[in-house]
Amino acid sequence: MTDFPGRENDPDENPFAMFGNPEQIAAAMRQFADMLSAPQGSGPVNWDMAKNIARHAVVAEGDPSVMEGERRQIADALNLADLWLNEVTALPSGVGSPQAWSRSEWIEKTVPVWRQLCDPIAERMVETMGGTLGAAGLPAEAQAMAGPLMGMMKQMGGMMVGQQIGQALGSLAREVVGSTDIGLPLSGDAALLPGGIAAFSQGLETPAEEIRLYLALREAAHHRLFQHVPWLRGHLLGAVEEYARGITVDVSALEEQLRGLDLNSPEQLQQALSGGNLLKPEETERQKAALSRLETTLALVEGWVGTVVEAAAAGKLPSAAALGETVRRRRATGGPAEQTFATLVGLELRPRRLRDAAVLWRALETGRGVDGRDAVWNHPDLMPTAADLDDPERFVRGEPDFDLSDLEASLRDSGDDEDDTGGARDDGA
């Protein structure tokens with residue numbers, strides 16, 4: 001030990017200083033160990049490594065276990081919110097077993113859906129990255145003999161993608177308040193995070209119980225949709241998968257990022273692995289179309305949730321309007337974690353037309369009542385489109401009821417006209 005500042009980096013005092021930051025070296029070694037431990041055929045991403053990185057990120061900033069008292073508060077809030085929703089929607093309850101999660105539990109519980117979302121995109125990225133890494137610096141004749149090396153490089157690509165996913169999930173876990181924040185069905189259970197609620201509440205001059213009840217209303221409303229609209233989950237996740245099928249990777253940009261990377265340098269490797277632009281996909285017309293469908297559906301989900309929550313909270317939660325505006329701004333702009341995830345998979349999971357969707361749902365309720373409004377969820381073909389968000393009143397009016405007798409009368413009139421002109425009738429002449 002030394003009493004002189006800075007001497008801890010002196011090789012005479014610290015014989016390992018010449019090898020760099022020990023924490024960086026240890027992190028790099030853990031990542032390589034995780035990569036090599038991934039079972040063959042386990043998919044493009046080492047999800048065990050991704051989960052470990054995400055959990056480490058939340059634990060590093062403090063992730064206490066949920067206390068029994070907090071669990072009771074969350075369960076009571078979700079159950080009460082569910083009772084309030086019975087008064088304002090025709091959809092039945094979706095809260096079966098209300099839960100309270102720590103941030104680490106959120107990661108563990110939602111990874112199966114993240115895997116479904118990320119694997120199609122990650123597979124294309126890993127294939128491209130593996131080819132680029134393997135070909136870098138190899139003469140043409142050597143590339144044909146480099147099969148094992150290419151396999152190793154694909155594992156390296158999978159490690160990089162896994163690192164990115166782990167960092168993104170760790171960031172998201174520090175911001176979310178429940179299982180439905182991003183509008184996708186991440187879990188079959190309604191759940192809230194006491195730590196997330198506390199973070200959300202910072203700076204708000206609102207009683208904690210009101211905030212908890214308001215967020216419980218949103219969570220319970222989402223689960224009514226996800227539990228009782230059977231096509232919705234597949235529709236949302238299918239839009240993400242459609243996006244993935246059209247994904248391409250900018251190989252030239254990737255080569256530029258990787259050129260000169262020294263794999264023996266922990267510092268350079270760590271920097272490369274944490275660079276979001278390394279994995280940013282290109283946009284194609286197919287992706288834009290899929291993204292438009294996804295954003296419209298997300299807006300419709302969020303607009304419906306906001307509408308029924310507003311009705312359920314009326315006269316019960318004095319601060320509901322202010323809390324609703326806070327949530328809308330939060331969803332519309334997205335936090336740093338959502339932007340990180342957008343960089344990772346090229347998707348911004350935000351309902352850009354949330355206000356337009358809310359106007360449409362309110363107009364439907366005025367014109368058709370609560371039952372008529374909620375009946376639109378019965379089939380995807382009944383759902384509003386992006387064009388309907390531009391003109392909600394036209395969608396509410398709808399098309400006139402189809403009358404078979406009108407069709408028969410039209411066909412008779414058409415036949416009579418043809419007989420009069422002699423154009424269609426064969427009278428044997």
Side-chain angles (χ1 to χ4, degrees), residues 85 88-94 113 116-117 120 180 182-186 188 218 220-246 284-309 311 331 347-411:
L85 288 170
V88 296
T89 175
L91 294 178
S93 170
V113 176
Q116 183 178 352
L117 289 172
T180 58
I182 64 170
L184 295 178
L186 297 179
R218 287 185 50 80
H222 274 102
H223 277 273
R224 290 198 177 218
L225 281 181
F226 295 145
Q227 295 289 341
H228 299 292
V229 180
W231 58 267
L232 182 58
R233 175 187 174 90
H235 185 82
L236 285 167
L237 300 184
V240 178
E241 292 171 3
E242 173 66 17
Y243 175 92
R245 282 195 290 270
T284 65
E285 291 305 315
R286 184 175 182 178
Q287 284 175 289
K288 290 177 182 178
L291 186 57
S292 176
R293 290 193 298 273
L294 178 63
E295 288 182 336
T296 298
T297 305
L298 287 173
L300 291 170
V301 168
E302 287 295 315
W304 183 88
V305 166
T307 299
V308 300
V309 166
R331 290 291 287 122
L347 281 172
E348 294 183 346
L349 299 174
R350 299 205 299 269
R352 297 182 184 280
R353 304 194 63 182
L354 190 156
R355 292 182 187 274
D356 294 335
V359 169
L360 185 145
W361 289 119
R362 285 194 291 268
L364 272 173
E365 182 178 343
T366 300
R368 304 183 189 179
V370 168
D371 290 346
R373 178 200 67 194
D374 293 349
V376 173
W377 291 105
N378 287 342
H379 195 277
D381 291 346
L382 300 176
M383 293 300 293
T385 63
D388 294 323
L389 295 181
D390 296 328
D391 189 358
E393 292 300 327
R394 182 183 65 82
F395 180 81
V396 173
R397 291 193 305 270
E399 297 296 329
D401 292 336
F402 182 74
D403 191 337
L404 186 60
S405 62
D406 290 342
L407 176 61
E408 293 173 345
S410 176
L411 290 174

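Throughout, residue positions are numbered sequentially from 1 according to the sequence presented. This structure is a prediction, so every number in the text was calculated from the model and none was measured.
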Working for side-chain contact (heavy atoms from CB on, under 4.5 Å), residues Arg233 and Val113: CA-CA 11 Å; Arg233 175 187 174 90; Val113 176; 3.9 Å; yes
side-chain contact (heavy atoms from CB on, under 4.5 Å) between Leu225 and Leu91, intermediate numbers included: CA-CA 7 Å; Leu225 281 181; Leu91 294 178; 3.6 Å; yes
CA sep, side-chain torsions, deciding dist, call: Arg368, Val376, side-chain contact (heavy atoms from CB on, under 4.5 Å): CA-CA 10 Å; Arg368 304 183 189 179; Val376 173; 4.1 Å; yes
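To the nearest 0.5 angstrom, Asp391 atom CG is 6.0 Å from Arg397 atom CZ. To the nearest 0.5 angstrom, Leu300 atom CG is 7.0 Å from Leu360 atom CG. Rounding to the nearest 0.5 Å gives a distance of 14.5 Å between CZ of Arg355 and CG of Leu389. Distance check, rounded to the nearest 0.5 Å: CG of Asp374 to CZ of Arg224 gives 10.0 Å. Of the inter-residue distances, the one linking Leu236 atom CG with Leu184 atom CG reads 6.0 Å to the nearest 0.5 angstrom.
Looking only at side-chain heavy atoms (C-beta outward), Thr296 and Thr385 stay at 4.5 Å or farther from each other. Looking only at side-chain heavy atoms (C-beta outward), Thr180 and His223 come within less than 4.5 Å of each other. Counting heavy atoms from C-beta on, the side chains of Val308 and Val370 never come closer than 4.5 Å.
Note on ring orientation: taking the six-membered ring where Trp is involved, the planes of Trp361 and Trp377 are parallel (angle under 30°, cut-offs 30° and 60°).
Pairing each heavy atom of Ala357 with each of Gly303, the nearest pair is CB-CA, 4.2 Å. Between Ala375 and Leu382, the shortest heavy-atom distance links the atoms O-CD1, 3.9 Å.
For residues 357-366, every residue pair satisfying the salt bridge (charged side-chain N to carboxylate O under 4.0 Å, His left out) rule, not counting sequence neighbours, is listed here: Glu310-Arg362, Glu365-Arg373.
Remark: His235 engages Trp231 in a ring pair (Phe, Tyr, Trp, His ring centres under 6.0 Å) (not counting sequence neighbours). Residues meeting the side chain to side chain contact (heavy atoms under 4.5 Å, CB included) test with Val396, sequence neighbours left out: Ala363, Leu364.
Checked by atom type and distance alone, the side chain of Asp388 never pairs as donor or acceptor with a backbone atom of Phe395 at under 3.5 Å. In this structure, Arg218 contributes its side chain and Val309 its backbone to no donor-acceptor pair below 3.5 Å.
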